[in-house]
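Report on one structure; see the data block that follows.
Start at 1 and go down the list; that is how both ligands and their atoms are numbered. Below, all heavy atoms of this structure are taken into account, side chains as well, without hydrogens, waters or symmetry copies.
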Amino acid sequence: MSNLISSPAWRALTAHQSAISQRSLRDMFHGDPARFDKFTLQLPGLLLDYSKNLITEETFALLLNLGRQAKLEDWVTRLFSGDKINSSEQRAALHTALRAPSGQVVYMDGKDVMPDVLRVRQHMRDFCDGVRHGTLRGYSGKPFHDIVNIGIGGSALGPRMACSALKPYGNVNLNVHFVSNVDATDLVETLKQCSVDTTLFIISSKTFTTQETLLNAHSARAWLVKRLGEHAVAQHFVAVSANPAAASRFGIDLDHVFELWDWVGGRYSMWSATGLPIALYLGMDNFERMLAGAHSMDRHFQEAPLQQNMPVILGLLGIWHTNFCGASAQAILPYDQYLQYFPAYLQQLEMESNGKRADREGQEIDYATQIVLWGEPGTNGQHSFYQLIHQGTQHIPVDFLAPIASHNPLGEHHALLLANCFAQSEALMLGKAAAEARAELEAQGLQGTQLEALLPYKIFPGNHSSNTLLFDMLDPYTLGMLIALYEHKVFVQSVVWNINPFDQWGVELGKQLADKLLPELQNKQTHAHDASTTNLIKHTLARQIKI
Ligand code: F6P
């Protein structure tokens, strides 16, 4: 048994969970008029209501003990001070430095990283101003109109999510596109929307070795060269990379390579030059407002006591559900169409970070780590998968996110949207007991066997836990706060689980095998495989369809 499972704080929580497992949230609210005040935390413009989680004050105290037992405060200090806490890669994880204001010093290996951070920020500002003001133009002398970001994973998901989330702040003369998939459809369909004279490509790859990104980049380059010639490449391609030499070999002018560093993890990199599409689309001032929002969450995470610390609370509640209440998945439900890509962004942030099975000492773990996370904007999800959350057999905690003010005030749309959001968390919590369902059916005139036959389907168990994050409006500052909140939530959980959230070795095996398989599909080589893979290859080749 691992040290964690046999630790006093863990055992206390296990015992406590069985003691309160029969209690209901409905009764907890009835019995305590102050419950909302006790389990709510407000930061400027952002409220977290966590009162609808199946917890008591004792649960909360025990969870905080678990955090203290894991030396959470020491780990937060280590995160911000540039310690090499990404131990399997011997790297720091200093994404917080990327949003630190000028004037702050952040040391790593005895060197202040801030001069480099500020230099690249200025480089981004100059470039964005040039493109947005039309002083930087394409080869034919026309201003840029389409920005195509070619990148995958952390080099795409954060920027794509932020550009969508902050569309009301975007430049109407610029379209931003994101090409990630090695499926040519992604690139081809994007290029159909672009005119070659006015298209700027950003090749975004920290390593500049990612197969999908490089193939897409080469195909995009060929598309441009065919139409404008080799000389046009320098004016239409820029790169974001920690490997400027490779970007330069691709043909990108070194002045147009925006640097990042190995101490920035891919999925934590949207605050760096990886955020270039965001800065181009929104303008650098708005990008810096987003950094400022994230920085304010960093300060809160560092300074607030554990019991009033939003990322700590979110992280520990996740641990409660995952490790003590048997949750199998976590739903992220933004009641804001602009946040449509937020669940997809969090999928990488949470699952690539904490989807691990070996602890920091290399021991195989005997407790659950990251659960599956998914989501859709409300109200669409309500007509799709909420059924399972309400009446299915699994325990699925939910995060609701909603803005109080809409960017698009139109009739009663926003009031109805918010009404649905609040109604869902209330319905999940209250459920509908058999007696209530029976009374409702009777009121509809049903009785006898007809009523009894329908009754089981009308019962909702309720007692489902949810958090609600309510913010004044989705602006760059607030978005920065929200993203940093989840980044730190992930960190808190990694500390309790004693895992490294900053590596991702699990994505390597598939890559290695794809490298081996490619020449086989091109009929150049054969290798031994399992019977299924061998036959899939054989069948594909036997069909003699051009691939
Ligand atoms: O999927 C693995 C991964 O390394 C991610 O962590 C990263 O965000 C993505 O690939 C892209 O990597 P790069 O920016 O080096 O192309």
Distance alone, cut at 3.5 Å: any donor-acceptor contact between the side chains of [X] and [Y]?
{"X": "Asp399", "Y": "Asn467", "result": "yes"}
{"X": "Asp74", "Y": "Thr77", "result": "no"}
{"X": "Gln363", "Y": "Asn498", "result": "no"}
{"X": "Ser241", "Y": "Asn243", "result": "no"}
{"X": "His321", "Y": "Gln330", "result": "no"}
{"X": "Glu350", "Y": "Asn354", "result": "no"}

Given the protein's heavy atoms, is any one of them under 4.0 Å from atom 8 (O) of ligand 1?
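There is a protein heavy atom less than 4.0 Å from atom 8 (O) of ligand 1.
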Purely on distance, is any nitrogen or oxygen of [X] under 3.5 Å from one on ligand 1?
{"X": "Ser205", "answer": "yes"}
{"X": "Ser155", "answer": "yes"}
{"X": "Gly154", "answer": "yes"}

Looking at Gln504, which atoms of ligand 1 are within less than 4.0 Å of one of its heavy atoms?
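Answer, ordered by atom number: 6 (O).
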Do me a favour and list the nearest non-hydrogen protein atom to atom 11 (C) of ligand 1 with residue, atom name and distance?
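Ranked first by proximity to atom 11 (C) of ligand 1 is Ile152 O, 3.2 Å.
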Please assess Tyr268 against Glu487 for the test side-chain contact (heavy atoms from CB on, under 4.5 Å), listing each intermediate value before the final yes or no.
CA-CA 8 Å; Tyr268 298 87; Glu487 282 182 352; 3.9 Å; yes
Is it the side chain (CB and beyond), the backbone, both or neither of Val507 that lies under 4.0 Å from ligand 1, heavy atoms counted?
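Just the side chain.
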Name the option, out of Glu352, Lys206, Lys511, that contains the heavy atom nearest to atom 6 (O) of ligand 1.
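Result: the heavy atom closest to atom 6 (O) of ligand 1 is in Glu352.
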Closest candidate by heavy atom, reference atom 16 (O) of ligand 1, pool Thr210, Thr274, Val264, Asn243:
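When every heavy atom of Thr210, Thr274, Val264, Asn243 is considered, Thr210 comes closest to atom 16 (O) of ligand 1.
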